[in-house]
Protein chains: 2
Amino acid sequence: MSEQISSVMLVDDHPLLRKGLKQLLALEDELEVIAEASNGQDAIKLAAELDPDLIILDLNMQGMDGLETLKRMRDEGVTSRIVMLTVSDADEDIVKAISNGADGYLLKDTDPEVLLDQIKKALDGKMVLSEAITQVLATALRRPQAKTPAELNSLTNREYEILHLIAKGMSNKVIARELNISDGTVKVHVKHLLKKLGLRSRVEAAVWMVNQQGGKL
Amino acid sequence: MSEQISSVMLVDDHPLLRKGLKQLLALEDELEVIAEASNGQDAIKLAAELDPDLIILDLNMQGMDGLETLKRMRDEGVTSRIVMLTVSDADEDIVKAISNGADGYLLKDTDPEVLLDQIKKALDGKMVLSEAITQVLATALRRPQAKTPAELNSLTNREYEILHLIAKGMSNKVIARELNISDGTVKVHVKHLLKKLGLRSRVEAAVWMVNQQGGKL
DNA sequence: ATGGGGGTACCTCAAAAGTGGTAGTGCGGT
DNA sequence: ACCGCACTACCACTTTTGAGGTACCCCCAT
């Protein structure tokens, strides 16, 4: 398998960068650049036609950006390995890219040798991430804890407690038993917490809370 | 700052590993091991008393495990940098550790030099993660997309559509207007979808759905 | 064509949720 | 000592939900 020649497609709106990348990849006999595209539309078409083993996709492109291109490719059923290449280390982009099916996220300022190494790893089926990305990724996971929206601070302990239980799907009656208070009292707290949060129902409260918590994470 | 001596506390129920780690850290003049603990209880107490710059915490301990210890330390207001050290690369642990305030997650089979290097990075305020961890982390982020629970397939289009709207916090009436059907009909769909999913209320459905979607990620 | 599933609508009924108000207790701050 | 706030409880009342059931339409598969 490692002896097989892998087909690679480059997508970047900077011809110069494509050239450089191509030269880099040429260092490896088992890598062959079979296509290049300078925009998302062409890339999607070519990807569907040629089904390359690997697609190296620039995140910051004019017109349809890399993220959108990525999404559409996956929608079209492209199963190639896709590695995002970018100057950006904006956390949202990373999370979105991976969520949308990217197999790697590399920075353009990465040392060429390392870059080549990572690209080969990506072809091996591994998820490759630039060193600097790791921290951002971790921070993204951590985020849920970090931010405590102002709204939450306005809640009393009891209200906060009850909000949590609502976010578990519990009814007023169950919450009442859980906290050893009357269900009428629970209603009072729910009423107050809804007002403070500017929500219209416990369902909205539950959804809001689950999102705050970052769901199952 | 880099010239200052940093205090380190080791927490691991294997004396041998503590010994080895201590020797490793002794190689660096600016690192001083000021305390050791072999269980969570002691660790929490010592951490609160000594407030070390860095705590190296074993994840797999008997009794109170590392994750629980981590949580309680943070609850107690311990602000030290805390790095988890472990043999496990179970994704849940990683995500939980970081979510609960760990500043790093290192594997015990890491090359000692690298380990030392990472520990120093951690003291510098960086988030340190073992190479192998990165993939797991990325996979964790990706997970939401991948799985499509069997329950969801049993839903009809209409039911699925309505489930989505419930997960936005909408009431039957609002959903009805949104879909141009009567609210009575919405009720029917809700009833069916609750039965199929084995849930007891729209709140549970909303929470369930939001979690399936992976929340805002 | 006959049957079944999905979608729609309507009915009834009981339970749950939400709104308004009153009111007692306990606690921390002025 | 007094005030405000959190927490508790109860009442009355409206709206929303969810569980039954029946019924009609449409489409597709046997």
Side-chain angles (χ1 to χ4, degrees), chain A residues 145 147-213 215, chain B residues 75-77 147-213 215:
Chain A
Q145 270 60 30
K147 67 169 171 196
T148 304
E151 292 95 332
L152 276 184
N153 296 327
S154 69
L155 297 185
T156 67
N157 289 336
R158 217 32 160 179
E159 287 160 358
Y160 186 72
E161 197 175 7
I162 288 179
L163 177 55
H164 263 109
L165 298 179
I166 288 178
K168 285 187 178 179
M170 293 185 184
S171 70
N172 289 336
K173 204 169 290 183
V174 174
I175 293 175
R177 267 196 289 279
E178 179 82 13
L179 301 180
N180 291 312
I181 58 180
S182 87
D183 61 332
T185 302
V186 175
K187 282 190 182 184
V188 174
H189 292 307
V190 172
K191 179 176 21 175
H192 291 159
L193 118 218
L194 287 179
K195 172 145 283 186
K196 286 183 183 176
L197 298 179
L199 301 173
R200 287 163 228 61
S201 75
R202 70 198 295 99
V203 186
E204 285 189 7
V207 172
W208 185 86
M209 191 61 197
V210 172
N211 280 331
Q212 291 302 322
Q213 293 174 308
Chain B
D75 282 349
E76 297 293 321
K147 68 173 168 194
T148 304
E151 293 94 329
L152 276 184
N153 296 327
S154 70
L155 298 185
T156 66
N157 289 336
R158 216 34 159 179
E159 287 160 0
Y160 186 72
E161 196 176 6
I162 288 181
L163 178 55
H164 263 110
L165 299 179
I166 288 179
K168 286 187 179 178
M170 294 184 184
S171 71
N172 290 337
K173 205 168 288 184
V174 175
I175 293 175
R177 267 197 290 279
E178 180 81 13
L179 301 180
N180 290 312
I181 58 180
S182 89
D183 62 332
T185 301
V186 175
K187 282 189 181 182
V188 175
H189 291 307
V190 172
K191 184 185 0 180
H192 290 159
L193 114 221
L194 287 179
K195 172 146 282 184
K196 286 184 183 175
L197 298 179
L199 301 174
R200 286 164 229 61
S201 74
R202 70 199 296 99
V203 186
E204 285 188 8
V207 173
W208 185 85
M209 191 61 198
V210 172
N211 280 332
Q212 291 302 323
Q213 294 174 308

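All chains are named by letter (A, B, ...) in the order of the sequence lines, taking the proteins before the strands, and each is independently numbered beginning at 1. Keep in mind that the numbers below use all heavy atoms, side chains included, and drop hydrogens, waters and symmetry copies.
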Identify whether any heavy atom of [X] sits under 4.0 Å from a base atom; if not, whether one sits that close to sugar-phosphate; answer base, sugar-phosphate or nothing.
| X | value |
| --- | --- |
| A:Asn157 | sugar-phosphate |
| B:Val190 | sugar-phosphate |
| B:Arg202 | sugar-phosphate |
| B:Ser182 | sugar-phosphate |

Do the side-chain N or O atoms of B:Asn172 get closer than 4.0 angstrom to the phosphate oxygens (OP1, OP2) of D:dT17?
yes
So does A:Thr156 get a side-chain nitrogen or oxygen closer than 4.0 Å to the phosphate oxygens (OP1/OP2) of D:dC7?
yes
In whole Å, I'd like the distance from the [atom1] atom of [X] to the [atom2] atom of [N].
| X | N | atom1 | atom2 | value |
| --- | --- | --- | --- | --- |
| B:Asp183 | C:dG7 | CG | C1' | 16 Å |
| A:Tyr160 | D:dA6 | OH | P | 17 Å |
| A:His189 | C:dG18 | NE2 | P | 15 Å |
| B:Leu163 | C:dG7 | CG | C1' | 17 Å |
| B:Glu159 | C:dT8 | CD | P | 11 Å |
| A:Leu193 | D:dA6 | CG | C1' | 14 Å |
| B:Lys173 | C:dA17 | NZ | C1' | 13 Å |
| A:Lys191 | D:dC11 | NZ | C1' | 11 Å |

Of the candidate nucleotides C:dA9, C:dG18, C:dG7, which contains the atom at the shortest distance from the side chain of B:Arg158?
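Closest of the options to the side chain of B:Arg158: C:dG7.
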Looking only at heavy atoms, which two atoms of [X] and [Y] are closest? And how far apart?
| X | Y | answer |
| --- | --- | --- |
| A:Lys196 | A:Thr156 | NZ-CG2, 3.8 Å |
| B:Ile166 | B:Arg202 | CG2-O, 3.5 Å |
| A:Val203 | B:Ala206 | CG1-CB, 3.8 Å |
| A:Asn172 | A:Asp183 | O-CB, 4.2 Å |
| B:Ser201 | B:Leu194 | O-CD2, 3.5 Å |

Take B:Asn180 and B:Val203, find for each the nucleotide of DNA chain C with the closest heavy atom, and name the residue whose nucleotide sits nearer the 5' end.
B:Asn180
Name the residue closer to the 5' end of DNA chain C, choosing between B:Leu179 and A:Leu199 according to the nucleotide with the nearest heavy atom.
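Result: B:Leu179.
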Please determine whether any donor N or O and acceptor N or O are separated by less than 3.5 Å between the side chain of B:Lys187 and the base of D:dG18.
yes
